[in-house]
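Single-structure report; data block below.
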Protein chains: 2
Amino acid sequence: MATSTSEKSAVDQSGRPLGPRALSTRRRLLVATVELLDSSSVRDISVVEIARRAGTSPATFYQYFKDVGEATLRLAEEAAAEVPAVVELIDGSWRGQKGMETSRSITDAFIRHWDAYRAVLLVRNLAADEGERSFQKVRRLALRPVLDSLARKIEESQSDAVASGDVHPYAAAAALAALLERLAAYHKELEPIGVTREALVETCARIMYQTVTGRLAPPANG
Amino acid sequence: MATSTSEKSAVDQSGRPLGPRALSTRRRLLVATVELLDSSSVRDISVVEIARRAGTSPATFYQYFKDVGEATLRLAEEAAAEVPAVVELIDGSWRGQKGMETSRSITDAFIRHWDAYRAVLLVRNLAADEGERSFQKVRRLALRPVLDSLARKIEESQSDAVASGDVHPYAAAAALAALLERLAAYHKELEPIGVTREALVETCARIMYQTVTGRLAPPANG
DNA sequence: CAATTTCCTGATATAGCGTCAGATTTCCAT
DNA sequence: ATGGAAATCTGACGCTATATCAGGAAATTG
């Protein structure tokens with residue numbers, strides 16, 4: 001859990017920094033919020049319920065958060081802190097079978113990230129898509145490093161490559177990120193339809209490989 | 001607008017079919033719902049507000065819909081009725097420059113579809129991702145034809161192709177659909193960052209082309 | 001251990017939810 | 001036309017949640 005980072009800077013609704021007791025209350029409220037987010041739809045989560053589950057009163061909730069949206073935003077920030085691990089993978093080798101391996105592990109890491117923070121990330125994306133600035137900002141915060149390092153890799157490939165250079169690196173990176181995100185959110189619903197997680201990862205990895213390197217993916221483990 | 005189809009079968013909350021006056025009231029309520037969906041976040045849309053905007057009372061709303069969720073579901077059903085147009089494009093040629101053209105127009109059509117129904121589709125996807133069965137069903141209804149015909153095309157390409165056959169057609173189709181969906185939801189936020197809609201469409205089209213045909217995309221209109 | 005700061009909550013005004021009985025409008029047979 | 005039945009709408013109501021504030025309980029400090 002990457003909680004400690006944000007804990008440091010946590011403040012009261014009036015801007016005052018928090019002591020240890022307050023910190024733990026705040027944490028309980030956040031935990032209650034994820035749990036409810038996990039188990040029911042956003043639309044019918046209420047402050048009362050969060051407070052009840054956290055063993056405290058609604059008034060206390062408002063001491064720390066403006067509304068349910070703000071609590072969710074804080075959770076999204078915590079999730080964003082976990083992404084960097086994915087970024088390092090991108091700097092691996094992108095040649096031949098090794099490249100496919102890199103691609104696969106990125107896909108896999110991304111999906112695992114989503115499975116871990118699913119509910120929060122879903123809400124974060126909806127809010128961002130609906131135009132809420134603060135949520136857009138958190139999403140960018142989480143995705144930017146991924147986009148940047150993907151785009152860099154694509155550029156590298158383009159310079160030494162056979163591949164046609166008419167691909168905008170950043171657009172390609174964005175497309176890949178979009179693919180990863182949506183697939184990660186979606187895969188659970190695909191499995192009952194007969195598409196295994198493995199097949200999905202493999203397909204996604206191939207697409208990524210091809211888009212990054214500009215070459216066709218090598219046949220599976222020869 | 002594809003409203004007439006669903007209008008026919010519209011019923012009261014108690015299952016009774018609707019007369020003309022009721023039909024028009026129901027429509028006004030649905031219109032008010034989209035408008036609010038377009039202009040504010042799902043979380044703070046209320047029945048009262050919908051009723052106000054439709055020039056009627058909350059009690060009337062409940063005559064037609066169980067809650068805001070159901071109204072949204074009906075709207076999602078109407079959006080789903082528009083998708084088939086996209087499907088026909090998939091049956092076009094996938095060879096060389098023509099293939100890229102096909103791919104581009106699919107991407108373009110998909111994005112336009114999303115721009116037209118954005119708010120509703122966003123909510124539909126969130127609800128589906130959150131596990132609400134009825135919304136999953138509507139999404140499948142809309143996406144199935146696309147998936148099916150994409151998967152068929154991929155299979156065709158595999159039979160006569162050089163390309164390695166270790167791509168699961170349905171998984172690949174799902175990945176493409178995921179890419180299209182996410183990108184369509186996302187593109188507006190990418191433009192300020194310097195990624196034009198055109199670059200996005202082009203990239204997306206190339207990925208689609210490569211995934212469907214198993215060949216590298218031909219260089220742009222060289 | 002009392003004063004002080006930190007943290008929590010009961011009370012409350014306001015507003016939305018969801019239901020029902022009855023008012024209003026529309027329709028149709030006469 | 002016109003009176004009554006069918007269709008449609010809504011005012012009123014009990015319930016629950018929101019959001020705020022003044023003051024109470026708990027921890028900390030000198």
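Protein chains get the first letters and strands the later ones, always in sequence-line order, with residue 1 at the start of each.
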N/O (side chain, B/Y62) to phosphate O (OP1/OP2, C/dG18) under 4.0 Å: yes

Closest-nucleotide mapping onto DNA chain D: is A/A59 or B/G55 further toward the 5' terminus? I mean the 5' end. B/G55

Round to a whole Å and report the spacing from CZ of A/R52 to P of D/dT16. 10 Å

By nearest-heavy-atom nucleotide on DNA chain D, the more 5' of A/D67 and B/S57 is B/S57

Can you see if the side chain of A/T25 gets near the phosphate of C/dC8 - specifically, an N or O under 4.0 Å from OP1 or OP2? yes

Are the side chains of A/R53 and A/T33 in contact, using a 4.5 Å heavy-atom criterion? no

Using whole Å, report how far CD of B/Q13 lies from C1' of C/dC20. 15 Å

Could you state the CD1-P distance from A/I50 to D/dT18, rounded to the nearest angstrom? 8 Å

If we count only N and O atoms by modelled type, under 3.5 Å, do the side chains of A/Y62 and A/D67 hold a donor and an acceptor together? no

Starting at NZ of B/K66 and ending at P of C/dC17, how long is that distance when rounded to a whole Å? 13 Å

Using whole Å, what does the distance between atom P of nucleotide C/dT9 and atom CZ of A/R21 come to? 8 Å

What is the distance from CZ of A/R16 to P of C/dT5, rounded to the nearest Å? 10 Å

Between A/R43 (side chain only) and B/V42 (backbone N and O only), is there a donor and an acceptor less than 3.5 Å apart? yes

With heavy atoms under 4.0 Å as the rule, sort A/A22 into base, sugar-phosphate or nothing. sugar-phosphate

Give the rounded distance in Å between these two atoms: OH of A/Y64 and C1' of C/dC8. 8 Å

Classify the nucleic acid contact of A/S46 as base, sugar-phosphate or nothing, counting any heavy atom under 4.0 Å across all strands shown. sugar-phosphate

Using atom CG of A/L18 as one end and atom P of C/dC8 as the other, report the distance to the nearest whole Å. 9 Å

Sugar-phosphate only, base, or nothing, as touched by A/Q63 at under 4.0 Å among non-hydrogen atoms: base

For A/E189 and B/A128, the nearest pair of non-hydrogen atoms, with its separation, is OE1-O, 4.0 Å

Single hit among A/L147, A/L150, A/I154, A/V212 for side-chain contact (heavy atoms from CB on, under 4.5 Å) with A/P169: A/I154

Tell me whether the side-chain N/O atoms of B/T56 come closer than 4.0 Å to OP1 or OP2 in D/dC9. no

